[in-house]
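Scroll down for the structure; my scribbles are underneath it.
So you know, we letter chains A, B, ... as the sequences are listed, proteins then strands, and number each from 1.
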Amino acid sequence: MSLRLYNTLTRQKEPFQPIDPDNVRMYVCGPTVYDFAHIGNARPVIVFDVLFRLLREIYGAQHVTYVRNITDVDDKINARAAERYPDLAPEVGIRKLTEETAAQFHKDIAALGVLPPTVEPRATEHIVEMVQLCDQLVAKGHAYVAADHVLFDVSSMADYGKLSNRSLEEMEAGSRVEVAPYKKGPMDFVLWKPSKPGEPAWPSPAGIATAGRPGWHIECSAMAGKHLGDVFDIHGGGIDLTFPHHENEIAQSRCAHGTDVMARVWMHNGFLQVEGEKMSKSLGNFITIRQLLDEGWPGEVLRFNMLRTHYRQPIDWTKKSLEQSQAILTSWYPFAALETLPPSFRVQPIIDALGDDLNTPLALAELHKLDKADDHLALGWALNFLGFSGETLKAREAAQLAEAHTIADKVEPLIAARLEARKRKDFTESDRIRDELAAMGVTLKDTKNRDTGEIETTWELQR
RNA sequence: GGCCACGUGGCGGAGUGGUGACGCAGCGGACUGCAAAUCCGCGUACCCCGGUUCAAUUCCGGGCGUGGCCUCCA
């Protein structure tokens, strides 16, 4: 089994070689918890869940460590908490907001059929590690203290900018931001900053007397380092995080630990558009996972829709493609209920497709083949492997059945009447009844009983 | 302005230096009183212009278009 992954660092697909096959380690940037997760947030969650499943398949479930963090300290969080809970003490409001948002996030993604990560660390539980990193960086001459801030000195790192493929000169030339006066270099970034009253505050590193709080990137360096070590295998996230977030994570971690790399492979998922337009609050097309679920789309349909496009390609998220995804999944899901298969059972073409840089569209094409070949056992395995247990669709069908049950007393006599009309060849009447039922959302199917030759009618409620 | 990615039939979407998967939709047929469902069959595509090559959709260059990053963002 060969696994090849596209590495942003080298801009090419490379054979994947774990540092330690007994413990393959992956870190993925999780949400900053201040608002509902939108459908774009769902993409890395789903994509790297597939990779997690594939790694578990290849190296064994207990030999993969997947860390996806929750960032619960951030300016946006502070602002939102103050806005939503103006009457609460800041730290209480912030805690309330982050707890609620994190719980909501878990609820939303649970519907997407993702496995829980091995570790889900929180930034606020790693402040000590962040302070340590700051101290190390200052001690090694990669960071300096100015105006109660700790700043990373990008000029101290020879290949800063390697991940995003840009030189310091280019970045400075293209810079649109005003440079804080206390910075030595315009691209230097904040590792630690002083807290204003009402902001979360912790004892500062580097001998700074004022209490402070971490900058944006340091939390991932701290959590990745603590749970995965100085150098690990895979680091993932959205493509927009390449710069500055991941670039700065690399700078912090490598310089603090004195290593050549932080993670060997850097993976970035592409962006998502909605009905051909950029998703933005101003356009009013900002779609949350919760909205889609509330509209009645099963979570597995969202997952399927996401995987129909390769993870590095842009997705145009449309209602039409969701409908198509639902139609396909619905036709397959009766096979998702797995009969007990021997643990060694696997469908190699699916694994091979995923092994080529997570080629999920090709894997789904393989599913179509299995379906066509009526290989339901393999189809069921593959669906399950890809995270489609059929649970949400089954729940939906159960709800439909329950609803159908409530109107059965009205529907059954009409169907009987229609069959009578058909026997008399009174097709005007039978079609009228069918239209009447259709208006109630009831769809009919006539089938001929093989044994008796009688016409029998089944019905179901459309959503 | 700088850097980067992408551009395949009506839609979604693989793949390849030499007959262009697959799915959805569409069309035709079977079945049906008619539908629905099911089954069988079918069509049309590689953004444009150059270059390399016996041969390019595939490689190279330029252009156009879309998107991303350069500032918070998956």
Contact class for A:R434 (heavy atom, under 4.0 Å): base, sugar-phosphate, or nothing? base
Which of the following nucleotides, B:C70, B:A36, B:A21, is nearest to the side chain of A:T443? B:A36
Heavy atoms under 4.0 Å, any strand shown: does A:F427 hit a base, just sugar-phosphate, or nothing? base
Could you work out which one of B:A14, B:C22, B:G33 sits closest to the side chain of A:Q313? B:A14
Aromatic rings A:F335 and A:H376: how do their planes relate, parallel, tilted or perpendicular, breaks at 30° and 60°? parallel
Would you indicate, yes or no, if B:U38 has its OP1 or OP2 atom less than 4.0 angstrom from a side-chain nitrogen or oxygen of A:K445? no
Counting neighbours of NZ on A:K13 that are heavy atoms of other residues, nucleotides or ligands and sit closer than 6.0 Å, is the number greater than 12? yes
Counting heavy atoms from C-beta on, name the nucleotide in B:A74, B:C22, B:G23 closest to the side chain of A:A365. B:C22
With a cut-off of less than 4.0 Å, is there a side-chain N or O of A:N305 near OP1 or OP2 of B:G12? no
Near-strand residues of residues 66-73 of chain A, defined as heavy-atom separation under 4.0 angstrom from RNA chain B: none
Answer yes or no on whether A:R312 is positioned over the face of A:Y6, meaning its NZ or CZ is under 6.0 Å from the six-membered ring centre and within 45° of the axis. yes
Classify A:H310 by what it touches in the nucleic acid, base, sugar-phosphate, or nothing, heavy-atom distance under 4.0 Å. sugar-phosphate
Of all the nucleotides listed (B:G15, B:G33, B:A74), which has the minimum atom distance to the side chain of A:L272? B:A74
If you look at every strand shown and take non-hydrogen atoms under 4.0 Å, does A:N165 touch a base, only sugar-phosphate, or nothing? sugar-phosphate
Any idea which of B:A74, B:C34, B:G23 is nearest the A:L241 side chain? B:A74
Measure from the side-chain heavy atoms of A:T309 and tell me the nearest of B:G13, B:A36, B:G15. B:G13
Residue A:R422, side-chain heavy atoms: nucleotide from B:A74, B:G33, B:G23 that is nearest: B:G33
If you look at every strand shown and take non-hydrogen atoms under 4.0 Å, does A:D446 touch a base, only sugar-phosphate, or nothing? base
A:R43 near the nucleic acid: base, sugar-phosphate alone, or nothing, with a heavy-atom cut-off under 4.0 Å? nothing
What integer number of Å spans the C1' atoms of B:G67 and B:U53? 33 Å
Looking for any heavy atom pair under 4.0 Å, which part of the strands does A:K372 touch: base, sugar-phosphate only, or nothing? sugar-phosphate
Does A:G238 reach a base, just sugar-phosphate, or nothing at all? Heavy atoms under 4.0 Å. sugar-phosphate
Can you tell me, in whole Å, how much space there is between the P of B:A55 and that of B:C11? 32 Å
Is_stacked (A:F271, B:G67) at 5.5 Å, 30 deg: no
Are the side chains of A:I407 and A:V442 in touch, meaning some heavy atoms are under 4.5 Å apart? yes
Please pick, from B:C34, B:G15, B:C70, the nucleotide with the shortest atom-to-atom distance to any side-chain atom of A:F243. B:C70
When the ring planes of A:H246 and A:H268 are compared, do they come out parallel, tilted or perpendicular, using 30° and 60° as the limits? tilted
Quick one: is the NZ or CZ of A:R68 closer than 6.0 Å to the six-membered ring centre of A:F48, and within 45° of its axis? no
Sugar-phosphate, base or nothing in reach of A:E366, heavy atoms under 4.0 Å: nothing
Checking N1-N3 plus N6-O4 or O6-N4 for Watson-Crick, or N1-O2 and O6-N3 for wobble, each under 3.5 Å, the partner of B:G26 is B:C42
List, with names and distances, any nitrogen or oxygen atoms from the protein found under 3.5 Å away from nitrogen or oxygen atoms belonging to nucleotides 63-66 of chain B.
none

Assess the side chains of A:D233 and A:Y27: does a donor N or O sit below 3.5 Å from an acceptor N or O? no
Kindly point out which of B:A74, B:G23, B:C34 is positioned nearest to the side chain of A:Q324? B:G23
Suppose we define a pair by two distances each less than 3.5 Å, Watson-Crick or G-U wobble; what does B:G9 pair with here? none
